[in-house]
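First the structure, in the form of structure tokens, and then the observations on it.
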Amino acid sequence: MPKPKVLATRPLFPAARTILDASCDVEYFPSAESASRQNLLRRLKDKEGLVCLLTDAVNEELLRNAPKLRIVSNVAVGFDNIDVAACTKRAVVATNTPGVLDETTADFAWTLMMAVARRLSEGEALARSGKWTGWDLDQLVGTDVWGKTLGIVGFGRIGRAMARRASGFQMKVIYHDAVRVAEEVEQELKAEFRDFNSLLSESDFVSVHVPLTPETRGMFSGPKFFRMKPTAILINTSRGPVVDENGLVAALEAGKIAGAGLDVYENEPFIFPGLKRANVVLAPHIASATVETRTKMACIAAENVTALFRGQWPPNMLNAEVLKDK
Ligand code: DGY
């Protein structure tokens, strides 16, 4: 029997290729350049499976061009690039890669938090510039992280991984989520629930870990920044459009907050020029970018595809209803 034809919009990692190649006939795009929209739509015509990245929009247009498609496997936990309802309408299974990137992403949110608080980018630039004249008492003084209040917005797996790290820094942890978590979880993580506005006004650091949904889009807008402490630092490793960048820049310019650490942006890869300032640390959407984690993400994406073609339910389905009656 011929193997099902699958398209992967990147070469993936060898471990993931081994999984996919064992049961599928896979075409791998060798690079980002080859994954142009036009090429993607053209090469999808005879494919039953697609392994894609969060930069690939899986929408009506793509689905129309892929009449044989049975599964879209996103190599990411966030899936705002996928129109899940449109997939469901066409009986295409959509999957993501939850669970393997939580600790790595929390590590990176922490990296940004420390970097902004301790002015690492400015310090590094000075150290490399040849202009450093030596130790000085008030040189690049930042702000302490330890002992402060960390406000976590979105208390899912990544938010909770943030909370666990905070105890080593003797921080007070408060959180906000659409749904308050069980008391045992709050106790275990020593985290107290707050409504969104109270969290903003009490926190020294606010770290964002919500998915992008109609409810969270623009959740951090102008008036919200005005509720924060003028010394507060905002960290976003979730999705760019959760934060209104115009509002953020205005708040930074007016001194309504003290700084920000950003890994994600409203219109990636464009970075709003107003964000390129000394008190903002910018990263290019790399919070999950370790060899270990990205390999695991690619393997899970591969396993989601091979499970379906073996006649099993893919482990990480976003629209299980597609297979319910099968
Ligand atoms: C995800 O998985 O959604 C991340 O943004 C990519 O690391």
Side-chain angles (χ1 to χ4, degrees), residues 8-13 15-16 29 32 35 50-59 71-84 87 93-113 115 152-162 165 177 207-220 234-243 245 260-271 275 281-305 314-319:
T9 64
R10 288 295 186 281
L12 306 179
F13 291 94
F29 282 163
L50 171 66
V51 180
C52 62
L53 306 191
L54 54 83
T55 45
D56 300 311
V58 177
N59 51 17
I71 181 162
V72 170
S73 177
N74 213 30
V75 191
V77 65
F79 53 90
D80 42 285
N81 58 311
I82 299 180
D83 182 340
V84 178
C87 289
V93 171
T95 62
N96 69 341
T97 64
V100 290
L101 48 80
D102 310 332
E103 303 297 332
T104 302
T105 302
D107 278 355
F108 195 76
W110 215 269
T111 305
L112 286 176
M113 205 159 97
I152 301 175
V153 178
F155 212 51
R157 288 180 307 263
I158 302 174
R160 294 179 205 189
M162 281 302 281
R165 282 156 179 73
D177 199 295
S207 191
V208 190
H209 302 284
V210 291
L212 178 62
T213 64
E215 291 72 38
T216 62
R217 185 176 287 275
M219 188 177 183
F220 286 81
L234 176 76
I235 304 300
N236 188 13
T237 52
S238 64
R239 284 292 183 267
V242 172
V243 174
E245 288 176 354
L262 305 174
D263 186 45
V264 289
Y265 306 90
E266 268 187 275
N267 298 300
E268 294 177 15
F270 173 76
I271 298 185
L275 292 171
V281 174
L282 303 169
H285 204 149
I286 52 169
S288 68
T290 65
V291 173
E292 297 92 329
T293 291
R294 288 283 169 90
T295 303
K296 280 185 209 150
M297 288 165 69
C299 287
I300 288 183
E303 278 155 10
N304 282 328
V305 171
N316 305 293
M317 279 197 290
L318 301 169
N319 53 355

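As the structure is a computational prediction, the values presented were derived from the model and not from experiment. Counting convention: from 1, in listed order, for ligands and their atoms alike.
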Task: Numbered atoms and elements of ligand 1 in range of G78, under 4.0 angstrom, heavy atoms - done: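 Those qualifying, in numeric order: 1 (C), 2 (O), 3 (O).
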- Counting each atom of ligand 1 from 1 as listed, which ones have a heavy atom of L101 under 4.0 Å away?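 Counting atoms of ligand 1 from 1, those under 4.0 Å from L101 are 2 (O).
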Other residues, nucleotides and ligands only: do more than 12 of their heavy atoms fall within 6.0 Å of CZ on F108?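 Atom CZ in F108 is packed in, count exceeds 12.
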Considering only non-hydrogen protein atoms, determine which one is nearest to [atom] and report residue, atom name and distance to 0.1 Å.
| atom | answer |
| --- | --- |
| atom 7 (O) of ligand 1 | S288 OG, 2.4 Å |
| atom 3 (O) of ligand 1 | R239 NH2, 2.6 Å |
| atom 2 (O) of ligand 1 | V77 N, 2.7 Å |

Worksheet item: Where the side chain of T104 meets the backbone of S288, is there a donor-acceptor pair that is under 3.5 Å apart?
Response: no
Given the options N81, T95, T97, N74 meets side chain to side chain donor-acceptor pair (under 3.5 Å) only with N81
Handout entry: salt bridge (charged side-chain N to carboxylate O under 4.0 Å, His left out) between R165 and E103, intermediate numbers included
Key = CA-CA 10 Å; R165 282 156 179 73; E103 303 297 332; 2.9 Å; yes
- Item | Side chain, backbone, both or neither: T97 near ligand 1, heavy atoms under 4.0 Å |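 Near ligand 1, T97 shows nothing, with every heavy atom at 4.0 Å or more.
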Q. Are any of the side-chain heavy atoms of V210 and V153 separated by less than 4.5 Å?
A.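 Touching, per the 4.5 Å side-chain cut-off.
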